[in-house]
Amino acid sequence: MPTSAIEATELAERLVADLLPPSLQAWLHDMEQHQLVAASVGGRPPKAPEKSPELVATVSQTVRSLTDLLVPARDRGPELEAQILKMFAAFNLYTGDRGKLNAMVEVWADELEEYPLYAIRKAYKWAIRGEGKLPSLAAFIRDVKLAVGNNVVERRKLLQRWLNQ
């Protein structure tokens, strides 16, 4: 497992790109292009690569690794709340009203629980280093989605679909 949020993002992106066999890389790229234009021009999706035992084993291992990396923060116990409290502390948000702080942590945790913790940590670092004040929850969620990695979630879904066909 990666030791930092940056390593996790890089590994996730590599798992859905250059660590896959070329036939699957090409198919994923073609599927993404098809999904971009299918709503407006239609057409058939690209033909999936033929399944071989080796290819199925590779994709199965990739999907397992991605599933481990992308585990939702809600499954990581109190780590999500601790990360949120760290960010609030970094922005000196505590005003003495413990009830308000608890409510804010609960709202942020509810909205962020579906994202992987590594992406939340990466977005937290971006916010601390680049913002003068606490970003809005919506802006922070956008950063978290970006921190997950390029097309990682979508490509994992395509790989799972290919395995289940």
Side-chain angles (χ1 to χ4, degrees), residues 1-20 24-25 28-29 31-40 59-164:
M1 287 299 284
T3 58
S4 72
I6 292 171
E7 287 178 10
T9 301
E10 289 171 355
L11 177 58
E13 288 177 338
R14 290 196 66 215
L15 283 168
V16 296
D18 63 329
L19 293 178
L20 287 172
L24 275 169
Q25 289 180 43
L28 287 171
H29 178 267
M31 284 296 291
E32 289 166 350
Q33 296 304 311
H34 171 73
Q35 289 173 344
L36 287 174
V37 299
S40 59
V59 172
S60 295
Q61 180 58 43
T62 297
V63 169
R64 276 193 299 276
S65 296
L66 286 168
T67 300
D68 291 345
L69 276 174
L70 297 173
V71 65
R74 74 175 150 265
D75 297 344
R76 301 285 300 268
E79 291 178 80
L80 174 60
E81 287 184 8
Q83 191 65 48
I84 294 167
L85 283 169
K86 270 177 46 179
M87 184 168 58
F88 288 176
F91 285 108
N92 200 20
L93 202 63
Y94 186 61
T95 62
D97 186 345
R98 187 72 182 161
K100 180 179 177 183
L101 180 65
N102 289 341
M104 287 178 61
V105 169
E106 186 176 331
V107 167
W108 279 64
D110 284 348
E111 295 302 319
L112 294 170
E113 69 182 5
E114 68 193 73
Y115 300 101
L117 197 57
Y118 79 85
I120 295 167
R121 285 187 177 127
K122 193 171 180 183
Y124 154 80
K125 287 183 180 186
W126 290 342
I128 296 301
R129 294 174 183 163
E131 298 287 330
K133 59 183 176 147
L134 181 70
S136 71
L137 181 54
F140 189 77
I141 289 172
R142 280 192 302 272
D143 285 348
V144 169
K145 288 178 180 179
L146 183 62
V148 169
N150 292 327
N151 299 320
V152 170
V153 174
E154 296 81 11
R155 285 184 167 212
R156 182 183 76 169
K157 288 177 186 175
L158 287 171
L159 291 171
Q160 286 174 317
R161 194 171 79 201
W162 179 81
L163 282 172
N164 294 329

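Count residues from 1 along the sequence. If you're wondering where the values come from, they're calculated on a predicted model, not measured in any experiment.
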(request) For the pair Leu146 and Arg142, evaluate side chain to side chain contact (heavy atoms under 4.5 Å, CB included) and give the outcome as yes or no after the intermediate values. (result) CA-CA 6 Å; Leu146 183 62; Arg142 280 192 302 272; over 6 Å; no
(message) Nearest 0.5 Å, please: how far is OG1 in Thr62 from CD in Gln160?
(response) 11.5 Å
(message) Using a 6.0 Å cut-off, check whether atom CD1 of Ile128 has over 12 heavy atoms from anything other than its own residue.
(response) yes
(request) Take Trp126 and Lys122 through the test side chain to side chain contact (heavy atoms under 4.5 Å, CB included) and record every step on the way to the result. (result) CA-CA 6 Å; Trp126 290 342; Lys122 193 171 180 183; 3.5 Å; yes
(message) Can you give me the closest heavy-atom contact between Thr9 and Val148, atom names plus distance?
(response) CG2-O, 4.0 Å
(request) Taking the side chain as every heavy atom from C-beta outward, state whether Pro2 and Leu69 have any pair of such atoms under 4.5 Å apart. (result) yes
(message) What's the separation between atom CG in Leu66 and atom CZ in Arg155, rounded to the nearest 0.5 Å?
(response) 11.0 Å
(request) Provide the closest heavy-atom pair for Ala73 versus Leu112 in the form atom of the first, atom of the second, distance. (result) CB-O, 4.2 Å
(message) Rounded to the nearest 0.5 Å, what separates atom CD1 in Ile120 from atom CG in Asp143?
(response) 12.0 Å
(request) To the nearest 0.5 Å, tell me how far Leu15 CG sits from Arg64 CZ. (result) 12.0 Å
(request) Mind listing the closest non-hydrogen atom pair of Val144 and Ala119 along with its distance? (result) O-CB, 3.6 Å
(request) Mind jotting down which residue pairs meet the salt bridge (Lys or Arg N to Asp or Glu O under 4.0 Å) criterion with at least one end in residues 7-18? Sequence neighbours excluded, please. (result) Arg14-Asp18
(message) Show the nearest heavy-atom pair for residues Phe88 and Leu101, with the distance to one decimal.
(response) CD1-CD1, 3.6 Å
(request) Measure the acute angle between the ring planes of Trp108 and Phe140, then classify it against the limits of 30° and 60° as parallel, tilted or perpendicular. (result) tilted
(request) Provide the closest heavy-atom pair for Leu80 versus Ala109 in the form atom of the first, atom of the second, distance. (result) CD2-O, 3.6 Å
(request) With rounding to the nearest 0.5 Å, note down the distance linking CG in Leu70 to OH in Tyr118. (result) 5.0 Å
(request) Output every pair passing salt bridge (Lys or Arg N to Asp or Glu O under 4.0 Å) with a member in residues 79-94, not counting sequence neighbours, ordered by first then second residue. (result) Arg76-Glu79, Glu79-Arg121
(message) Contact between Leu163 and Ser60 at the side-chain level, heavy atoms closer than 4.5 Å - yes or no?
(response) yes
(message) Leu20 vs Leu159, test: side chain to side chain contact (heavy atoms under 4.5 Å, CB included). Steps then yes/no.
(response) CA-CA 10 Å; Leu20 287 172; Leu159 291 171; 4.2 Å; yes
(request) Over all heavy atoms of both residues, which pair between Val16 and Arg156 is shortest? Give the atoms and the distance, please. (result) CG1-N, 4.4 Å
(message) Working to the nearest 0.5 angstrom, can you tell me the gap between Leu36 CG and His34 NE2?
(response) 10.0 Å
